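These notes are about the structure you will find just below.
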Protein chains: 2
Amino acid sequence: MVTIKDVAKLSGVSIKTVSRVVNNLAEVSPETRQKVQQAILELGYQPNTTARNLVAGKTNTVGVIIPHSADYIFTHPFFTQVLQGIAEVLSANNFNLLLHLAQNEAPYARLYSQRKVDGLILMSIPIGDPNIHGLEENGVPYVCTCRISETNNSTSWVDADFAGGVEQAMEHLISLRHRRIALLAGPMSLVSVRLRVLGYHNSLRKHGLPVADGYILEGDFTSESGYALATKIMKAPNPPSALICGDDMMAFGAIQALKELGYGVPEDVSVIGFDDISLARFSSPALTTIRQDTYAKGRMAAEALLAFMRDKHNAPPRQIMLETSLITRNSTASAKN
Amino acid sequence: MVTIKDVAKLSGVSIKTVSRVVNNLAEVSPETRQKVQQAILELGYQPNTTARNLVAGKTNTVGVIIPHSADYIFTHPFFTQVLQGIAEVLSANNFNLLLHLAQNEAPYARLYSQRKVDGLILMSIPIGDPNIHGLEENGVPYVCTCRISETNNSTSWVDADFAGGVEQAMEHLISLRHRRIALLAGPMSLVSVRLRVLGYHNSLRKHGLPVADGYILEGDFTSESGYALATKIMKAPNPPSALICGDDMMAFGAIQALKELGYGVPEDVSVIGFDDISLARFSSPALTTIRQDTYAKGRMAAEALLAFMRDKHNAPPRQIMLETSLITRNSTASAKN
DNA sequence: CTGTTAGCGCGTTCAG
DNA sequence: CTGAACGCGCTAACAG
């Protein structure tokens, strides 16, 4: 490869001078600058990023960690939307994006200790994930797009108000005179799912409604699990008149199951999703759902991380809660009785 | 940061010996090995990747280039599925994935010249993209998941048989006695779109059908453009009885437009999509579509690239054509007249 | 304004 | 089996 030395030799100056013109460090006479630039063009010289990084002690790259299978991630519009926000901000700030689909056991902090990244964005971390250890001890700059524990702590995160979101869904259904409302939740290993359950209970309590047996089911955010859980709950003794789903994919599966069981949606059973992915309006019926701004989540997380990396001290740990909103479409209607 | 020197000092050996145990280079006595490992643990030493890369002259990372906005990419399941395949293969081979959303003008080869990556995967490159220059000259290992020119050349690529796919769609519609079939195509700047048009013409010719005026419309692979194009063609003097869409998103938009215009799908107008994204079966009616195995596309591209990087000489430029298949669902039916 | 020298952290000759 | 010395390509002090 052509190095700074080659350029120096060809233009008849020292490597330091070459370095100066490459980095625009002024103090170079116009003629020598000219000579050097000529040589650079002639040789097609490009500075070696690895060498620069070694000297500078940084990488200009941010690692995005998602501890799930590529299959799971890329079939969920949720992840890709957050990624979009992150990618845009990083790109605008000349940072590289290293996508790390953690599967095997290896502390996330290692990416930083090994100087592969300057900072980390952690997505969808399950409770008790052993790999999060060492983040603080190693001084790793990081931001989560989720919460990693139900109790308060000092991690910085950007996340939606899941409890509030489910409460919005509940208010909507209760105002439509539904009383038997089931929650087809996602995996309980996620704080966001537990918060949805919390919101569900809050609403029931507020309206003096009973907690029905078996009305909280655990799925995994796939349409298949939505299908399976809807089938199960509708075949049970006391079927609900409305379903709140953990995400839109589950809602799609649930609607499919309901149709196959002969229930009309929304005439017989109302269904509400969560996220408002772009395809929610194309389902049949168009899906009523709780919208969370996943794109903003990604952007804000990336911005918070960059701010933190720029100035560790003046950027206090930030915890940002994003509001959700109810998008009313055609999958919900008044309860029959 | 703790370096190899610190470990050497603590364990009372030379840095070379530390290097040997870190890299498992045998020839170390059990006792010293033990001592060194102890010191490594004690200090929490992690080898600096940047320094290693500088010496080794490689980065162990592959750049994935997609010259579109993050918005465009992440709202199209097509891209994320290819990415999934790539991510899995790279991860399994201990390669990092650098996601590069090229927007501004900068030769892709530069990522290699600057030693940011060891190789490149190029996705969805438009015809005449100036940034592809320099790939060959700089000896960049690369593979495309698309074709970058209509004429034969020596680039290595993995791509679907778009002409054949559209021909499958045409055969299906013609067998249902459709004669007025419009093509709502994607952007003509893509070879894949031109190949779809080619397949369309091939079928027309084969069956002796006329090329109707204005039956090929150019869109951009978004549901919005599917909506707009379907509205336009149906309001034109001689509306078609069937629509073949450039991708499933366009098909969703087209179906929405048809419904709003009072056309029944598939009773009045048949619609066929392209890709078979996971949500195709949840639309209403469930979408008949041409399936391309985007996941396999990603995997094969990554594998081809890795093989090429391992052995430039014994890995001939590969050009792999992936077959498509017709998935018949409920958006197509016999023509009325 | 410019060049010499010394490192960044690691691997790799080559001696011992 | 082990260590000293050099170099990867570049930037930063420090002179000149």
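Order of the sequence lines sets the chain letters (A, B, ...), proteins ahead of strands, with each chain counted from 1. Worth saying up front: this structure is predicted, and the values here are computed from it rather than measured.
- Taking the ring axis of A:Tyr112 as reference, the NZ or CZ atom of A:Arg115 stays within 45° of it and closer than 6.0 Å to the ring centre.
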Kindly determine whether A:Glu31 and A:Lys35 satisfy salt bridge (charged side-chain N to carboxylate O under 4.0 Å, His left out), including the steps that lead there. CA-CA 6 Å; A:Glu31 308 100 64; A:Lys35 257 194 317 191; over 6 Å; no

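- Smallest separation of non-hydrogen atoms from A:Gly139 and A:Lys312: O-NZ, 3.4 Å.
- From the 5' end on, the contacts that DNA chain C makes with chain A at under 4.0 Å to a non-hydrogen atom open and close at C:dC1 to C:dG9.
- For the residue pair A:Leu122 and A:Cys146, the shortest heavy atom distance occurs at O-SG, 4.2 Å.
- In terms of heavy-atom proximity, A:Ser149 sits nearest to A:Val191 at N-CG2, 3.6 Å.
- The side-chain heavy atoms of A:Ile65 and A:Leu111, taken from C-beta on, include a pair separated by under 4.5 Å.
- Within the 4.5 Å cutoff, the side chain of A:Asn138 has no heavy atoms near those of the B:Met1 side chain.
- End-to-end axis angle of the helix from C:dC1-D:dG16 to C:dG16-D:dC1, from C1' rotation axes over five pairs per end: 40° (rounded to 10 degrees).
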Find every protein N or O atom lying less than 3.5 Å from an N or O atom of nucleotides 9-16 of chain D, and list the pairs.
| from | atom 1 | to | atom 2 | distance (Å) |
| --- | --- | --- | --- | --- |
| D:dC10 | OP1 | A:Tyr45 | OH | 2.6 |
| D:dC10 | OP1 | A:Asn48 | N | 3.1 |
| D:dC10 | OP2 | A:Ile4 | N | 2.5 |
| D:dT11 | OP1 | A:Asn23 | ND2 | 3.2 |
| D:dT11 | OP1 | A:Arg52 | NE | 2.8 |
| D:dT11 | OP1 | A:Arg52 | NH2 | 3.4 |
| D:dT11 | OP2 | A:Ser19 | OG | 3.0 |
| D:dA12 | N7 | A:Lys16 | NZ | 3.1 |

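- Backbone-only contact: B:Thr32 has heavy atoms under 4.0 Å from sugar-phosphate atoms and none from a base.
- Under the 4.5 Å side-chain criterion, counting only non-hydrogen atoms from C-beta, A:Val18 is in contact with A:Val13.
- In terms of modelled atom types and a separation under 3.5 Å, the side chain of B:Asn131 and the main chain of B:Tyr108 share no donor-acceptor contact.
- Side chains of B:Gln38 and B:Gln34: a donor-acceptor N/O pair is absent below 3.5 angstrom, by distance only.
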